[in-house]
There are 2 protein chains.
Amino acid sequence: MATMQDVANLANVSLATVSFTINNSKPVSPKTRAKVEAAMKDLGYRRNAVGSALARGRTHVLALLYPALQHRFSPTSVRFFTSAADQARLRGYNLVLWPMSNDAEAVSELTSSGLVDGVVLMEVQLDDPRVAELSGSTVPFALIGRTRDTAGIPFVDVDFESTVEKAIDRFIQLGHTDLVLVDGGIGNQLLGGYGPVARTRKVFGEVTAQRGLSGAIMSGVHSSAGGRELAKEFVASHPETTGVLMMNEQAGPGFVAGLQQAGYRLPQDVSVVAIASSLDIVSMSEPEMAVYISPADELGRLGVDTLIDRLDKLSDTLPQLLIECSYSSGATMGTAPKRKK
Amino acid sequence: MATMQDVANLANVSLATVSFTINNSKPVSPKTRAKVEAAMKDLGYRRNAVGSALARGRTHVLALLYPALQHRFSPTSVRFFTSAADQARLRGYNLVLWPMSNDAEAVSELTSSGLVDGVVLMEVQLDDPRVAELSGSTVPFALIGRTRDTAGIPFVDVDFESTVEKAIDRFIQLGHTDLVLVDGGIGNQLLGGYGPVARTRKVFGEVTAQRGLSGAIMSGVHSSAGGRELAKEFVASHPETTGVLMMNEQAGPGFVAGLQQAGYRLPQDVSVVAIASSLDIVSMSEPEMAVYISPADELGRLGVDTLIDRLDKLSDTLPQLLIECSYSSGATMGTAPKRKK
DNA sequence: CTGAAAGCGCTTACAG
DNA sequence: CTGAAAGCGCTTACAG
C-alpha cells in the first residue's frame with residue numbers, strides 16, 4: 001500500500017502538502033493540487049484510517065451495541081440497525097453492529113480502544129451498567145431505549161406507556177373486559193429488567209386496574225415455537241380472556257397459529273393485537289394481526305442523529321424523545337364474544 | 001485516558017517494559033511486573049487499540065460485509081452473523097457487521113483503511129466485484145457463499161445443488177409431477193445474479209427435465225406481503241401444480257397464508273417445502289412447513305475459522321466447503337392429489 | 001531482565 | 001501557498 005510519503009515523493013512536494021490537499025485543510029495552489037492528485041491516482045493511494053485516527057482521534061466509525069449472542073435479533077431490531085446505518089452513512093460515518101453483552105467492562109474496553117468515535121446502545125435495561133460506565137466516560141453515546149433514571153442521558157425510545165394505554169382503550173371500545181399481556185420476559189433482574197417489558201407491565205397493570213378490567217401477564221421465549229407454547233398455556237389458564245396484547249414480536253405468528261390449532265377462531269373467540277411489532281411479522285399469520293407498529297426507522301435515524309450532533313458539536317441540547325406506535329388494523333381484532341366459544 | 005507512558009512513569013520503568021509485561025512479549029521480573037500491574041490498576045489503564053494497530057498492523061477486528069441497506073436480513077442471515085461473531089470471540093477477535101453494498105470501491109476503501117484485519121463476505125453474487133477486488137489485495141478474506149469461478153477463493157456455502165435434487169426426489173416419491181420453484185429473484189444481473197438463486201434455478205431446471213417433470217419458476221419480494229402476492233399469482237397461473245419449493249425465507253409464511261385464503265388445503269391440494277430456511281420461520285405458518293434447514297450456524301463458524309486460520313497462519317490450505325441442508329418434516333408435505341381440488 | 005530509540009501513517013501548529 | 005518537525009500511542013529490533 002502506498003503511503004502519503006510515497007505520494008509526496010512522486011509529486012515532489014512535502015508530506016504536509018499532500019495532507020492539506022486531501023483534507024482541504026489549507027489552501028493549495030491548483031498546480032500543486034494537480035500534481036498531488038496525479039500522484040495519488042498513479043499509486044492508487046488510499047488514506048490509512050489508523051494513522052489518521054491516531055493523529056486526529058477520529059475513526060468515523062460508530063458502534064451499535066447489540067447483545068446479539070444473548071438476544072436474538074427481531075425483525076424490528078433489524079430495522080433499527082439498517083435505518084441507523086443508513087443515516088450514519090448520509091452524515092459521513094460508518095455505523096457497524098458490534099455484538100456485545102450488557103457489560104460495563106466490555107463497553108469500556110471498546111470505548112477506550114479508540115476504534116470507534118461513539119456508541120449507540122440497544123436492548124437497554126432499567127439499570128443498565130453500560131450506561132453508568134458511559135456516563136462516566138468522555139465517549140459520546142445515545143440510547144435507543146432508556147434507563148430507569150434518564151437524567152442527563154440522551155435517548156430516543158418507543159412511547160410504550162401511551163401505546164399500551166391506547167391499545168387497552170381500543171379493547172374496551174370493543175367490549176372486552178378480560179385481557180392478557182404476553183411478553184418476552186423481564187430479562188436480567190439484576191439489571192432492573194428489560195426496559196420495554198418493565199414499562200409495559202407497569203402501565204398495563206395500572207390502566208387495567210384503573211379501568212376496572214381483569215389483566216394478567218404471561219411470558220414466553222422469543223420464537224415461533226415459544227408462541228405456540230404460549231397459546232397452549234393461554235388456552236389452559238385463561239379460558240375467560242378475550243383480548244390479548246402480544247408484545248413478543250417473534251412469538252406472535254406462532255401464538256396465532258397455536259390458538260387456531262386449539263380450535264379458537266380469531267377474532268370471534270379471541271382478539272389479538274401486536275404491540276411494537278412490524279407489518280412484516282403480523283402478515284405472516286393468518287388472519288393478519290392488528291398491530292401497533294414500532295417506529296423503528298424513525299428511532300434508528302434519530303438515535304444516530306443525536307449521537308452525531310454531539311460528535312460534530314452541532315448541538316449541546318439533550319434529546320430525549322418518545323415516539324408512539326402507529327396503529328394498523330388487522331383481522332384479529334373484533335368485538336368481544338357474548339360468551340366465549 | 002492514561003497512556004502507556006503514564007503507567008511507565010508511575011511504575012518507574014520504561015515504556016518498553018510496560019509493553020513487554022502487557023503483551024508478554026519478553027521476560028519481565030516478577031517484581032517489575034508487580035509494579036507495572038499496580039500502576040495500571042491505579043490509573044485504570046487500557047491499551048489504546050489504535051496506537052497498537054498502527055505499530056503492529058493488527059486491530060483484531062473482522063468485518064462481516066452485508067449489503068444490509070439493499071437486502072433485508074433474513075432470520076437465517078442473522079444466524080450466520082451471530083454464529084460467526086461467537087466463533088470470532090472464542091478465537092480472540094471481534095467480528096462486527098459492516099453494512100456495505102456489493103461494491104469493489106467500498107471494499108477496497110475499508111480494507112486499505114487498516115481498521116479491520118480481514119473480511120467475510122455474504123450475499124455473494126456469481127460475478128461479485130468485491131471478490132475480484134479482494135483477490136488482488138493482501139487482505140485475508142473468506143466467503144459465505146461462492147462466485148461462479150471459485151479457483152483460489154476460500155469459501156463455505158450451502159450445497160444447494162444436492163439439497164434441491166433431494167427435495168425434488170422427495171416430491172417424486174410422493175407422486176408429484178408438476179412443481180414450481182419460488183425464489184426471491186436473481187438480483188443484480190450485472191453481477192451475474194445472486195449465487196443461491198442462480199444455482200438453485202439451474203439445478204431445478206436440470207433435475208426436473210431429467211426426471212421428466214414439469215417445472216416452473218416464480219419470484220417475489222422478500223417479505224410476508226410478497227408471499228401473499230406470490231400465492232395469488234400461483235393460484236392464477238399454476239392451477240395444475242401440486243408441489244412448491246419455497247426458497248424465499250421471508251415470503252414462506254405469507255405464501256402459506258395466501259394459499260389458504262384462496263381456499264387451498266395443505267397438503268391435500270398443494271404440498272410446500274421450504275429450502276434453506278429455518279425452523280423458526282416455518283413454524284410461524286399453520287400448518288408448519290416442512291423445511292430443508294440451512295446449516296447457518298455451522299457455516300458462520302466455518303467461515304470465521306477459515307479466515308482466522310489464514311490470519312494466524314495456522315493453515316495454508318484453501319478451504320472450500322459445501323454443506324447440505326438437513327430435512328425436517330412438516331405438515332405441508334403430502335402425497336399428490338389425484339385431481340387437484 | 002531493562003531501556004533508548006526508531007518507526008507505524010498520519011495531522012497540525014509553527015515558521016517562512 | 002509550502003515545508004520541517006513534533007506528536008498521536010503503541011511495538012520491537014538493538015544494545016547493554
Side-chain angles (χ1 to χ4, degrees), chain A residues 1-37 39-40 43-61 108-117 138-139, chain B residues 1-37 39-40 43-61 108-117 138-139:
Chain A
M1 283 271 59
T3 70
M4 202 173 260
Q5 188 58 256
D6 297 331
V7 175
N9 294 152
L10 185 61
N12 265 309
V13 297
S14 78
L15 219 194
T17 300
V18 178
S19 177
F20 299 152
T21 101
I22 289 179
N23 300 309
N24 279 311
S25 44
K26 291 217 181 163
V28 173
S29 77
K31 215 173 119 188
T32 308
R33 174 176 298 277
K35 280 196 299 181
V36 171
E37 281 169 352
M40 290 201 295
L43 295 170
Y45 173 76
R46 285 175 183 288
R47 154 122 84 11
N48 179 303
V50 173
S52 168
L54 186 58
R56 186 144 45 175
R58 286 300 188 90
T59 61
H60 277 264
V61 175
S108 120
E109 196 167 316
L110 174 61
T111 54
S112 55
S113 75
L115 290 172
V116 302
D117 293 350
T138 59
V139 177
Chain B
M1 284 272 57
T3 71
M4 202 172 258
Q5 187 59 256
D6 296 333
V7 175
N9 294 152
L10 185 61
N12 265 310
V13 297
S14 78
L15 219 194
T17 298
V18 177
S19 178
F20 299 153
T21 101
I22 288 178
N23 300 309
N24 280 309
S25 44
K26 291 219 181 163
V28 173
S29 76
K31 215 173 119 185
T32 308
R33 175 176 296 278
K35 279 197 302 182
V36 170
E37 281 169 352
M40 291 200 295
L43 295 170
Y45 173 77
R46 286 175 183 287
R47 152 121 90 5
N48 179 303
V50 173
S52 168
L54 187 57
R56 187 144 42 176
R58 286 298 188 92
T59 60
H60 278 263
V61 175
S108 123
E109 196 167 317
L110 174 61
T111 55
S112 55
S113 76
L115 290 172
V116 303
D117 293 350
T138 60
V139 177

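Reminder, nothing fancy here: chain letters follow the sequence lines and each chain counts from 1.
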* Min side-chain heavy-atom separation B/Val61-B/Leu115 under 4.5 Å -> no
* For the atom pair CZ (A/Arg56) and CG (A/Asp117), what is the distance rounded to the nearest 0.5 Å? -> 10.0 Å
* Got A/Thr32 and A/Phe20 here, is their nearest side-chain heavy-atom distance under 4.5 Å? -> no
* **Residue met sooner reading DNA chain D from 5', once B/Lys26 and B/Ile22 are mapped to nucleotides** => B/Ile22
* Nearest-0.5 Å distance, CG of residue A/Asn9 to CG of residue A/Leu43 -> 9.5 Å
* Asked: Within a strict 4.5 Å, meaning less than it, do heavy atoms of the B/Asn23 and B/Arg47 side chains meet?
  -> yes
* Name the nucleic acid region contacted by B/Ser29, choosing base, sugar-phosphate or nothing; use a 4.0 angstrom heavy-atom cut-off, strictly under. => sugar-phosphate
* To do: With DNA chain C as reference, determine whether A/Ser25 or B/Arg33 sits nearer its 5' end, using the nearest nucleotide of each.
  => B/Arg33
* Along DNA chain D, first and last positions that approach a heavy atom of chain B under 4.0 Å -> D/dG9 to D/dC14
* **Check against side-chain contact (heavy atoms from CB on, under 4.5 Å), A/Val18 and A/Val13** => CA-CA 7 Å; A/Val18 178; A/Val13 297; 3.9 Å; yes
* Structure fact -> Read 5' to 3' with Watson-Crick or G-U pairs under 3.5 Å, [ ] for crossing pairs and | for partners on another strand, DNA chain D gives |||.||||||||.|||
* Expected output: side-chain A/Thr21 to main-chain A/Arg33 donor-acceptor under 3.5 Å -> no
* Rounded to the nearest 0.5 Å, what separation is found between the OG atom of B/Ser52 and the CD1 atom of B/Ile22? -> 9.5 Å
* Going from CG on A/Asn48 to OG on B/Ser113, what distance comes out if it is rounded to the nearest 0.5 angstrom? -> 7.0 Å
* To do: Using a 4.5 Å cut-off on heavy atoms from C-beta on, say whether the side chain of A/Leu10 contacts that of A/Asp6.
  => no
* To do: For DNA chain D, find the residues of residues 45-60 of chain A with a heavy-atom distance under 4.0 Å and give them by number; none if there aren't any.
  => A/Leu54, A/Ala55
